[in-house]
A.B. asks: 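Structure below; questions to follow.
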Amino acid sequence: MDIVYRPLDIANVHHFQQIKKLIDADLSEPYSIYVYRYFLNQWPELVYLAFDAADPVLPIGCIICKMEPHRACRMRGYIGMLAVESSYRGRGIAKRLVTKVIEIMQREKCDEIMLETEVENSAALNLYEQFGFIRMKRMFRYYLNEGDAFKLILPLTNKSCIRSTFLAMNST
Amino acid sequence: MGASEEKSVLDAHLLNGLDKLSVRHGDGIEMVNVTENLRELCKRLNAQSIIKVHSSDLFQGTHALEVNNPKLDSHLIVLSEEELSLSCDCAHGANDVERLQYVTSIADRLLRSVITWLNEYQSLPATLLSCRYVEEFLIRNSQRDKALFKFNTDCIYYDQILTNIIAAICYFAAFVKSLLLRAVIFEEEDLNFNSMGLQSFDIMPPQKLILSELQKSLDLISDDSSPMAVHLGHILKAVRCLVHIEDVLTVYSTSTAYLDELIELARSLQSHTLKLEPPAGSFSMGIQKRRSNQFPPKNIVEPDNNYLGFIHMANSIKTVLRVSEADTAVETFQFAYFFNKLKQQHVLARAIFPLFLVRDNQNILGRYSIEDFLFSHLMEYSLMGTQVSEKMQSSPEVFQVLTPALKECANALFDWYQNASQNTARYRQGYNRQLIVWDSVQAQLETAELNFISAEIHDEVISGSDTVATPLMPYASWVFTLKVMVMIEFTLKGFDLDVYKPYEGYDMFWYVSYLAFHLDSCLIKIHCFIMNRIDRIHAMNKKMKKMKAGPKKSKLKEDYQELMSTEMGQLQTNKQYLNYLIAHTKIHRSLSMFQTLQFALLKSHGVIDNKPPMLNQFANAELIHSLRFKPFSSIGVPELPSYAEFESTINRFVVDGEPGSANFVAEVETNMILMEKESATAEEAAKGIIRAIEANDKNGEMFTGTKLVKQESLEYFGELLNSAHAMNINAKDNLKKLKVDPSAAAKRFAVTLKHQSGMSSFYPLFTVVEKKSRRTSCN
């Protein structure tokens, strides 16, 4: 089965609805339309979709990200949501989606990429840790389902490894 | 919000909603139907268009709820007929027996909901506020001036007893809210207080009124010996205990009478086996639908028979109150260090602790000023017997230079105390934040103390193998000690929270051993100074005995007696406290060194590496290492070793050669002997501390200052002792597995970090396990 990967077409409402469906089915947090619009409309270039080449109408996987200065001293990419339809799992689709967005964020001079994931979600942890993400901290009862979360960061430049306080001091 | 140019794909809900708009007339106002205008405007919008003010970056919107989304719109909650029709203005139940049964059932579920709310971290609307009577009480009570609202059903069970139980529970909830507002615990994370916009929690009647009403209720059923009335009576008494809990902060009461009573009542209530069924519809999601719910709808939580949860809550608060019995700064410090360490205390106890310790008037336990409290910490560690402390009285102007740093130091100390009661994850983060502050304070104090030397104030010590004297710097040394303790705790806590992957184990444990080495040097320096001071005072006595009678001898005698009465006792205690700190540090130093050797041995067999296992085009081992050590990158002393230094240390420990070869086996055996020595050292140190704790610090070995946290500290050191023992056995098991076919070990085995019950979570075991066949699952 061939999978094709395409950036988001913001004008395609069908894709938008399907993204919501994929995320709603998978993630523990309920997201409002405003959350999707916050990401999709501001950083459409950081949303990638996966399609079954045999039926490329609706996406079967998606990754939603953003990128912005963090504490005015480093550029931080953020992976907000990632989902693959259950019948398509185990084929490396999520890995390809993550690769796509990390490539973009690296090209766009991000110093680091951050995300949160549930402590119990070992599949997600394995995936991200394959890329070199490390668990920076644990957050008690972070999710609405009452689970703890890990904050993960992938450092891309040395700026990621210096405390913001000192980066800010050096930049003034 | 945008929509496509195609009408067919316009959101169906929007269209339906527009169609329902109608023109209304009346009171001279003419309403205009704008449906078509809206439709036209919608058609012209591009999908990527968002209607917003220019300054908005949409982030606030991410917290918004969404109409017609069942996961987010509370208005879509479907209520049953009973839930819709339940009235609080009539007494449910056909007769008094039924009415008593209903009221008892409501009260029983409410009380159990307190535990679901606080012990099981459920939200307020899913627990207490799911009760229709509570909702009505809070609405109607807010419309009254001073008198307490009462239901008006012409039944005393509802109008008097149920009302008073609800009022008391709400009063208690209001106290909990006040704790949240004082920012010692965190909304959502530690506790949910979504009051659904009900303001009554802020205008609760005084405690005295609540208590007198509860007493009236108790009197009303005092003659009824039916099981139902007895159960209700117990509930009333338990609720009365809840109302009294605030006394620990309003009048700083240390009485545990109400907590003890609550424990007994919880046991009784748990043992009752009554059939309790509240009126249909009295507990529901209704409040979330009826009122402004700013959070996603949540199902209500049917509490279990969870009365024993009150015992945990009461015992936890009792534990916190024990801090009032601390006689010294060390005992207070040790209390904070241990009381919440192995088992997270109840959220109320964790909130009460910092407020009970540091009171509204900035007084510590009602006994010390902030300055005195900080000074006590110093005197009970490094300041006693120094020239600095001696001249502080005679030349106070010299010490003014310390003032700004000491002020910062006091704030950092209180931050440390407050952090001690945080939840287990925030506890580690708190230390991360503190590191910079402690480091800065240390640097400031060092600078100030160096100035003392030019003012002819010399506190110096020659310790260990040193040949030249080094300045003691009693202030900076104390800060350094605390800072390095925090650094060790922060690092090891990462293992407890599963923050590290096995490949990171080497770096983290080697760093702990490095920190413990520096801490040990500082502790030995201070210990040496104290010993010298004690020897000098004793020498005065010997000298005095050799002197002839006269003014010189009299003066010496006077000085000697003065020092014996003012210094010697504290110096002896400090020496023994240092013995404890040195032993504690030795445990960390030996266990972490054991772990580094174990890791190196496993790396020698090729079953683990200290680099990320799957490096790709994005991951850079040095960057990942630097990010992990970011919290320490700015620390002045002890300086963070470079990446190359970390790398070179592991290379020193790794056994070269082909696994299974004679040389390799011999070197592995040598390493195993070293590891055994390290675990034996740790075991010996832990046993020494345990002996001292068990002997209430009276065995002459060391002063642990743990009298108020005896069980907690024994458990902590017991776990470290168990770890030392288990690590040794585990290392042998690992080697046994690897020895079977050393050349194939790398392909066959992997290493995990394994936590075991009864062992310290700071030192999980590096365990050799069979590799699983990998299948990539990516979500």
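Lettering follows sequence order; numbering is per chain, from 1. Note that the structure is a prediction, hence the values are computed from the model and not measured.
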A.B. asks: Using non-hydrogen atoms and a 4.5 Å limit, figure out which bit of A:Thr117 sits close to chain B: side chain, backbone, both or neither.
C.D. replies: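 It is neither, since no heavy atom gets under 4.5 Å.
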A.B. asks: Take the angle between the ring planes of B:Tyr121 and A:Phe140 and call it parallel below 30°, perpendicular above 60°, tilted in between.
C.D. replies: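 Because their plane-to-plane angle is over 60°, the rings of B:Tyr121 and A:Phe140 count as perpendicular.
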A.B. asks: Between A:Ile102, A:Leu125, A:Ile113, who has the most heavy-atom pairs with chain B when the cutoff is under 4.5 Å?
C.D. replies: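 It is A:Ile102.
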A.B. asks: Between B:Glu504 and A:Arg135, does any side-chain N to carboxylate O distance fall below 4.0 Å?
C.D. replies: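 Here B:Glu504 does not pair with A:Arg135 in a salt bridge, since their nearest N and O are not under 4.0 Å apart.
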A.B. asks: I'd like to know whether NZ of A:Lys21 has more than 12 heavy-atom contacts from other residues, nucleotides or ligands below 6.0 angstrom.
C.D. replies: no
A.B. asks: Just how far is it from atom CD of A:Glu68 to atom CZ of B:Phe59, taken to the nearest 0.5 Å?
C.D. replies: 8.0 Å
A.B. asks: With respect to chain A, which residue among B:Ala64, B:Ser123, B:Pro613 yields the maximal number of heavy-atom pairs within a distance under 4.5 Å?
C.D. replies: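 With the most close heavy-atom pairs to chain A, the winner is B:Ala64.
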A.B. asks: At what distance, to the nearest 0.5 angstrom, does SG of A:Cys161 lie from NE2 of B:His625?
C.D. replies: 9.5 Å
A.B. asks: Sort out for me which of A:Leu152, A:Leu27, A:Thr99, A:Leu97 touches chain B most, counting heavy-atom pairs under 4.5 Å.
C.D. replies: A:Thr99
A.B. asks: Going by an N to O cut-off under 4.0 Å, is there a salt bridge joining B:Glu66 and A:Arg37?
C.D. replies: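 Looking at A:Arg37 together with B:Glu66, the answer is no, because their closest N to O distance does not fall below 4.0 Å.
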A.B. asks: Within the supplied structure, the quantity of interest is the number of heavy atoms (other residues, nucleotides, ligands) at a distance under 6.0 Å from B:Gln294 CD; does it exceed 12?
C.D. replies: no
A.B. asks: Once you round to the nearest 0.5 Å, how far does CG of B:Asp498 lie from CZ of A:Phe150?
C.D. replies: 5.5 Å
A.B. asks: Can you measure from CZ (B:Arg628) to CE (A:Met136) and round to the nearest 0.5 angstrom?
C.D. replies: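 Here the rounded value is 5.5 Å.
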A.B. asks: Quick one: does B:Lys630's side chain have a donor or acceptor within less than 3.5 Å of a partner on A:Ser160's backbone?
C.D. replies: yes
A.B. asks: Using non-hydrogen atoms and a 4.5 Å limit, figure out which bit of A:Asp24 sits close to chain B: side chain, backbone, both or neither.
C.D. replies: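 Both backbone and side chain.
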A.B. asks: Give the member of B:Arg428, B:Lys501, B:His63 that has the highest number of heavy-atom pairs under 4.5 Å with chain A.
C.D. replies: B:Lys501
A.B. asks: Heavy-atom pairs under 4.5 Å with chain B are the metric here; pick the option from A:Tyr31, A:Tyr36, A:Tyr38, A:Phe39 that has the most.
C.D. replies: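 Ranked by contacts with chain B, first place is A:Tyr38.
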A.B. asks: Side chain, backbone, both or neither: which part of B:Asn69 has a heavy atom under 4.5 Å from chain A?
C.D. replies: side chain
A.B. asks: Please look at B:Gln60 and chain A and tell me whether the side chain, the backbone, both or neither of the residue comes under 4.5 angstrom of a heavy atom of that chain.
C.D. replies: neither
A.B. asks: Which pair of non-hydrogen atoms, one from A:Leu156 and one from B:Phe618, has the smallest distance, and what is that distance?
C.D. replies: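 Closest pair (atom of A:Leu156, atom of B:Phe618, distance): CD2-O, 4.2 Å.
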A.B. asks: Side chains of A:Glu103 and B:Gln617, heavy atoms from C-beta outward: is any pair under 4.5 Å?
C.D. replies: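 A:Glu103 reaches B:Gln617 side chain to side chain.
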A.B. asks: Find the distance between CD1 (A:Ile162) and CG (B:Leu627) and round it off to the nearest 0.5 Å.
C.D. replies: 11.0 Å
A.B. asks: Can you say whether A:Lys20 sits under 4.5 Å from chain B via the side chain, the backbone, both, or neither, judging by heavy atoms?
C.D. replies: side chain
A.B. asks: Are side-chain heavy atoms of B:Pro296 and A:Leu144 found at a separation under 4.5 Å?
C.D. replies: yes
A.B. asks: Pick one of side chain, backbone, both or neither for B:Ser626, based on which atoms fall under 4.5 Å of a heavy atom in chain A.
C.D. replies: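 Both backbone and side chain of B:Ser626 come within 4.5 Å of chain A.
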A.B. asks: Check whether any side-chain heavy atom of A:Glu146 sits under 4.5 Å from a side-chain heavy atom of B:Gln122, and report yes or no.
C.D. replies: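 Counting from C-beta outward, A:Glu146 and B:Gln122 do come under 4.5 Å.
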A.B. asks: Ignoring hydrogens, what is the shortest heavy-atom contact between A:Leu154 and B:Ala619? Give both atom names and the distance.
C.D. replies: CD1-CA, 4.5 Å
A.B. asks: Should we count CD of A:Glu45 as having more than 12 external heavy atoms under 6.0 Å?
C.D. replies: yes
A.B. asks: Where does B:Glu189 contact chain A at under 4.5 Å (heavy atoms): side chain, backbone, both or neither?
C.D. replies: both
A.B. asks: Given a strict heavy-atom distance threshold of 4.5 Å, which part of B:Leu65 is in contact with chain A: side chain, backbone, both, or neither?
C.D. replies: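 Only the backbone of B:Leu65 comes within 4.5 Å of chain A.
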A.B. asks: Look at the side chain of B:Asn616 and the backbone N and O of A:Gln130, then say whether any donor-acceptor pair between them is shorter than 3.5 Å.
C.D. replies: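 It does hold such a pair.
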A.B. asks: Looking at side-chain heavy atoms only, is the closest gap between B:Glu188 and A:Tyr142 below 4.5 Å?
C.D. replies: no
A.B. asks: If you measure only the distance, is there a donor-acceptor pair under 3.5 Å linking the side chains of B:Asn432 and A:Arg163?
C.D. replies: yes
A.B. asks: With a 4.5 angstrom heavy-atom cut-off, which part of B:Phe490 approaches chain A: side chain, backbone, both or neither?
C.D. replies: neither
A.B. asks: Rounded at 0.5 Å granularity, tell me how far CD1 in B:Ile624 sits from CD1 in A:Ile153.
C.D. replies: 12.0 Å
